[in-house]
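Following: one structure in C-alpha cells, then a few remarks.
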Amino acid sequence: MVNLLDFDLDTLTARCEQLGEKRFRAVQLFRWIHQRGVSDFAQMSDLARSLRERLPSLARVAAPPVASEQASDDGTTKWLFDVGGGNAVETVYIPEPDRGTLCVSSQAGCAVGCRFCATGHQGFSRNLTTAEIVGQLWFAEHELRRRLGPAAGERAIDNVVMMGMGEPLQNYGALLPALRVMLDDHGYGLSRRRVTVSTSGVVPMIDRLREDCPVALAVSLHASDDALRDQLVPLNRKYPLNELLEACVRYLEAAPRDFITFEYCMLDGVNDTLEQARALVRLVRDRVACKLNLIPFNPFADSGLRRSPPERVAAFAGVLQDAGIVTTVRRTRGDDIAAACGQLAGEVRDRTRVSQRIARGTITVVPAAPARR
Ligand code: SF4
C-alpha cells in the first residue's frame, strides 16, 4: 500500500492514469490531501464514488506518528516524529509576527558530523522518505490550522527551512519531490523564496538543485579557511571552500533570491576573532552576493565548545557590516526545549559510527582575541 504523501503531483497523476483516472482526478486528490489535510478518502466528496471506494485498498495518507510535543515559552513548538526502527526526528514551528516558519528534518541523524551540531553527534541512521519529509509539513500545517482557527489565516506555515536534522542534499532523491509538493499551487503553494534548503556544501548537488528546483539556498560556512573548516565541517575535505563558493556563484544564476545566505556558528575562541572576520570578508566580498547570518552556538553535552560572548559576536558582525556585507545575528528561539539551531537531536541509531569519529576528532582552539576593532 502506497503512502500518497510520497508523491508530487506529476507522480500522483501517473499513478491515477494507471488506474484509468484522468489528471484532474489527481489534482482533486492532491488538493484534498495537502490543502485541506484530509486523509479519509470517504470525505473527498468531489472524487468519483468508484475511486473513493477503490482507494482505501490501494493507498493511505499518513504522516509519521507524533511521539511527543514540547511548547516553548516563546511560542516555539517542537514535535518528535517516530520514524520507526528506534529513530525519531524533530520538527520545529517558529511563529513570528509576520510569518510562520517550519524547520523540517531530512534524515534520521546526519553523516556529515559537524563538530558543533547535536544532530551530527548523534550519528546517522537513514534517509527519510518523501512522505516522512512532507508528512512533517502536512501534520504541522493542518494541526496548527485546527488549533489557531481563523487566526491561522490562509495558511499557518508560509516559510519552510530544511534546517532540521540531516543534510538535505545527501537525501536528494526524497528531497526533490518534497520541495515540489511544497511549491505546487495545488499543494502548499509556497514561494520559492520562502523555501530554503540549507547545506553544509555538497557541491554537485547544489548544481543539481539549481537545475531541478532552485529555491533559496543557505550554506553552512562556519570558517574562513580550509584548515579550520576541515575540522568544523568534515565535508570540506571533499568540497573545499573554493569549489563551494564557485558552486554558490553558479547557483545565483537561477536562485529566486539574489543572494546566498551564509550561516556562521559563533564558537568561542575557535572562529570568532576579528582577524577571522576580516578573512571572511576577503573570502566572500566581491565574489558571491551574500548575507551573513551569525548563529550563537547552542551548547550541548560533550560538545567541548562554548558560545562566543555577545560582545565578540557584535564586534565580528561589525567588521562584516563595515565591509558592506549585510549581517544578522540570529535570535535563538526555543532554547528551553532544545529546539534552537544545532540542538535537534531526536533519537538515532548510529549505523555509521559518525559519533565515534567526532569523539576522536580534535579541534584547534585559537586564543580568543579581545573584542576590539
Ligand atoms: S550542521 Fe547540518 S550537515 Fe552538519 S552535522 Fe548538523 S545536520 Fe549534519
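Counting from 1, the numbers follow the sequence of the chain as shown. Note that ligands are numbered from 1 as they come in the structure, with each ligand's atoms numbered from 1 the same way.
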Hey, are the side chains of L5 and T130 touching, using non-hydrogen atoms and a 4.5 Å cut-off?
no
From Y172 OH over to N127 CG, what is the distance, rounded to the nearest 0.5 angstrom?
14.0 Å
Okay, side chain of N87, backbone of R349: is any donor-acceptor separation there less than 3.5 Å?
yes
Residue from Q136, E69, E143 passing side chain to side chain donor-acceptor pair (under 3.5 Å) with W79:
E69
Rounded to the nearest 0.5 Å, how far apart are CZ of F30 and CZ of R36?
15.5 Å
For atom 6 (Fe) of ligand 1, check which protein N, O or S atoms are under 2.8 Å away and list them.
C117 SG
Check D272 against G269 and note the closest heavy-atom contact, atom names and distance.
OD1-N, 3.1 Å
